[in-house]
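Here is the structure we will look at, set down as structure tokens.
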Amino acid sequence: MRTQVAIIGAGPSGLLLGQLLHKHGIDNVIVERHTGEHVLSRIRAGVIEQVTMDLLDEAGVGARMHQDGLIHEGVQICVDGVRHRISFKDLTGKAVMVYGQTEITKDLMDGRAAVGAPTIYAAYDVALHDIFGTHPRVTYRADGKNHEIECDFIAGCDGFHGISRKSVPPRAITAHERVYPIGWLGLLSETPPVSEELIYVRHELGFALCSMRSHTRSRYYIQCSLAEDIESWPDERFWEELKPRLDEEARERLVTGPSIEKSIAPLRSFVAEPMRFGRLFLAGDAAHIVPPTGAKGLNLAASDVQYLWRALLEHYKDKSDAGIDHYSDRALARVWKAERFSWWMTMTLHKISENPFDVKIQLAELDYLFRSKAAATVFAENYVGLPY
Ligand code: APR
Ligand code: PHB
């Protein structure tokens with residue numbers, strides 16, 4: 001098989017890139033390790049920036065998002081039982097949308113199926129060849145047979161555990177990493193959200209987040225230790241741990257119910273540099289991870305894809321490699337700003353250090369955030385994704 005761009009991974013990065021390239025006449029094939037059902041079974045974050053919304057519209061898959069997504073013009077931060085609001089609208093004129101990543105993935109899959117672009121699911125032993133040469137190839141096993149795709153470029157959109165980043169010689173890549181000693185225990189339930197807006201909670205018992213997927217479906221998280229076993233978290237225990245972290249009003253309004261999904265995610269910051277190696281480009285989680293506190297994971301994936309699809313379009317249509325040559329620097333400039341913001345939110349809102357000095361600094365950071373318009377504007381700009 002021959003194509004122009006071979007895309008590894010059918011997560012949001014790979015699917016969005018594929019859709020944009022296809023729309024502009026650039027041939028691509030996606031090779032995915034899992035089945036489509038498995039990809040759609042993963043529950044991930046749900047806050048998207050305007051830039052991401054625009055890109056989904058550009059890819060022609062934004063209709064359901066506009067219909068079902070919830071526009072949020074602010075966010076609430078609760079510190080030791082007292083709630084504060086930060087207005088994105090007043091401070092930046094912008095807003096974000098709450099729309100689950102699982103739904104975005106489904107919209108992208110449906111969009112791809114509608115235009116008949118090829119995706120190979122359940123592809124095993126995917127391997128990348130000759131990325132620094134002129135004839136890169138991707139090989140894999142599917143239906144008990146060996147297959148090969150010849151291509152011009154490979155887009156490594158295969159997430160943190162994917163094969164693309166690992167295919168690069170170690171001396172060509174630098175990894176920057178920070179692992180936090182905590183996790184998030186998340187619970188999805190068919191209950192109305194406790195508030196119209198997301199509430200990020202800093203409490204001496206640990207962080208909590210009240211989020212939502214719709215007016216009838218809620219997503220909650222509580223900080224937990226990495227040693228936790230999900231089996232030892234019956235729903236009742238989750239609700240009992242959440243309640244004391246909330247303010248009084250939220251506690252009274254909280255509607256509990258059986259979980260639809262429950263999972264534990266570790267918190268990590270990771271950046272691989274550069275993001276281009278010959279004819280291989282990394283995009284999304286394959287190149288970087290942010291802790292979920294800043295809601296940046298999906299938005300960063302979309303921003304990589306934005307730079308990458310335009311660079312590839314320039315290559316094929318304008319016969320210019322300027323975009324390709326600048327891809328890594330441009331993408332990383334934005335990545336590091338989102339890394340900083342996600343790290344800052346994580347360090348400020350979680351119970352990480354027992355050192356009373358660190359706790360005092362957290363409280364001073366938050367007090368400053370609520371009292372200073374300049375600090376609140378910086379926060380709002382970062383949350384809605386403005387400074388990129
Ligand atoms: N071969 C083929 N496919 C692979 C391989 C491999 N060796 N390894 C992983 N994959 C697939 C995974 O099964 C997955 O479907 O690549 C896909 C990567 O998808 P994601 O992990 O979702 O990464 P990405 O598309 O970059 O999405 C960005 O946004 O909210 C954040 O972190 C969250 O997933 C999220 C991200
Ligand atoms: C979510 O709704 O899953 C969510 C929202 C905001 C975050 C992280 C996760 O920062």
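Everything numeric here is computed off the predicted structure, so don't read it as measured data. Both counts, for ligands and for their atoms, begin at 1 and track the order of listing.
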Which atoms of ligand 1 sit under 4.0 Å from any heavy atom of [X]?
| X | value |
| --- | --- |
| A301 | 28 (C) |
| I163 | 7 (N) |
| G11 | 15 (O), 17 (C), 19 (O), 25 (O) |
| L298 | 29 (O), 30 (O), 31 (C) |
| C157 | 16 (O), 17 (C), 18 (C) |
| G297 | 29 (O), 30 (O), 31 (C) |
| I8 | 1 (N), 2 (C) |
| R42 | 12 (C), 13 (O), 14 (C), 15 (O) |

Going by the 4.0 angstrom heavy-atom rule, the piece of R44 near ligand 1 is side chain
Counting heavy atoms under 4.0 Å, the part of V126 that contacts ligand 1 is side chain
Can you pull out the closest protein heavy atom to [atom]? Residue, atom name and distance to 0.1 Å, please.
| atom | result |
| --- | --- |
| atom 6 (C) of ligand 1 | R33 CB, 4.0 Å |
| atom 11 (C) of ligand 1 | E32 OE1, 3.2 Å |
| atom 24 (P) of ligand 1 | S13 OG, 3.2 Å |
| atom 16 (O) of ligand 1 | D158 CA, 3.2 Å |
| atom 30 (O) of ligand 1 | Q101 OE1, 2.5 Å |
| atom 5 (C) of ligand 2 | S211 OG, 3.6 Å |
| atom 32 (O) of ligand 1 | D285 OD2, 2.5 Å |

With a 3.5 Å distance limit and no angle check, can you tell me whether [X] reaches the backbone of [Y] through a side-chain donor-acceptor pair?
| X | Y | answer |
| --- | --- | --- |
| Q223 | K351 | yes |
| K296 | F341 | no |
| D27 | T3 | no |

Heavy-atom proximity to atom 27 (O) of ligand 1 ranks first, among A10, A265, P12, for P12
Looking at M212, M345, R44, R213, the heavy atom closest to atom 1 (C) of ligand 2 belongs to R213
Taking both backbone and side-chain atoms of [X], is any N or O found less than 3.5 Å from an N or O belonging to ligand 2?
| X | value |
| --- | --- |
| Y221 | yes |
| R219 | no |
| T293 | yes |

Would the number of heavy atoms belonging to other residues, nucleotides or ligands and lying under 6.0 Å from CZ of F160 be above 12?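 Correct, the count exceeds 12.
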ask   = Are more than 12 heavy atoms from other residues, nucleotides or ligands located less than 6.0 Å from atom CD of E248?
value = no
**OP:** Tell me which part of A295 gets within contact of ligand 2: side chain, backbone, both or neither, using heavy atoms under 4.0 Å.
**Re:**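 For A295, the contact with ligand 2 is made by both the backbone and the side chain.
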Between [X] and [Y], does any side-chain N to carboxylate O distance fall below 4.0 Å?
| X | Y | result |
| --- | --- | --- |
| E49 | R334 | yes |
| D158 | R165 | no |
| D235 | K262 | yes |

Looking only at the side chains, is there a donor atom on one of [X] and [Y] sitting less than 3.5 Å from an acceptor on the other?
| X | Y | value |
| --- | --- | --- |
| R219 | Y221 | yes |
| D152 | H315 | no |
| E365 | W344 | yes |
| N28 | R112 | yes |
| D54 | Q50 | yes |

Please say which of V290, I289, T52 ends up in a side chain to side chain contact (heavy atoms under 4.5 Å, CB included) with L300.
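In the set V290, I289, T52, the residue that makes a side chain to side chain contact (heavy atoms under 4.5 Å, CB included) with L300 is V290.
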Which ligand 2 atoms, with their elements, are less than 4.0 angstrom from a heavy-atom of [X]?
| X | value |
| --- | --- |
| Y200 | 6 (C), 7 (C), 10 (O) |
| L198 | 5 (C), 6 (C) |
| V47 | 5 (C), 6 (C) |
| P292 | 7 (C), 8 (C), 10 (O) |

Query raised in the report: Testing F153, F277, F281 for ring pair (Phe, Tyr, Trp, His ring centres under 6.0 Å) with Y327, which one passes?
Result: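 That would be F281.
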### Query
Out of curiosity, is W184 lining ligand 2, as in a heavy atom under 4.0 Å away?
yes
_When you compare the side chain of R237 with that of S232, does any pair of heavy atoms fall below 4.5 Å?_
yes
> Does some non-hydrogen atom of A123 fall short of 4.0 Å from ligand 1?
Replying inline: no
* **Closest non-hydrogen atom pair between A380 and F88, with its separation** =>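 Answer, listing the atom of A380 first, then F88: CB-CD2, 3.9 Å.
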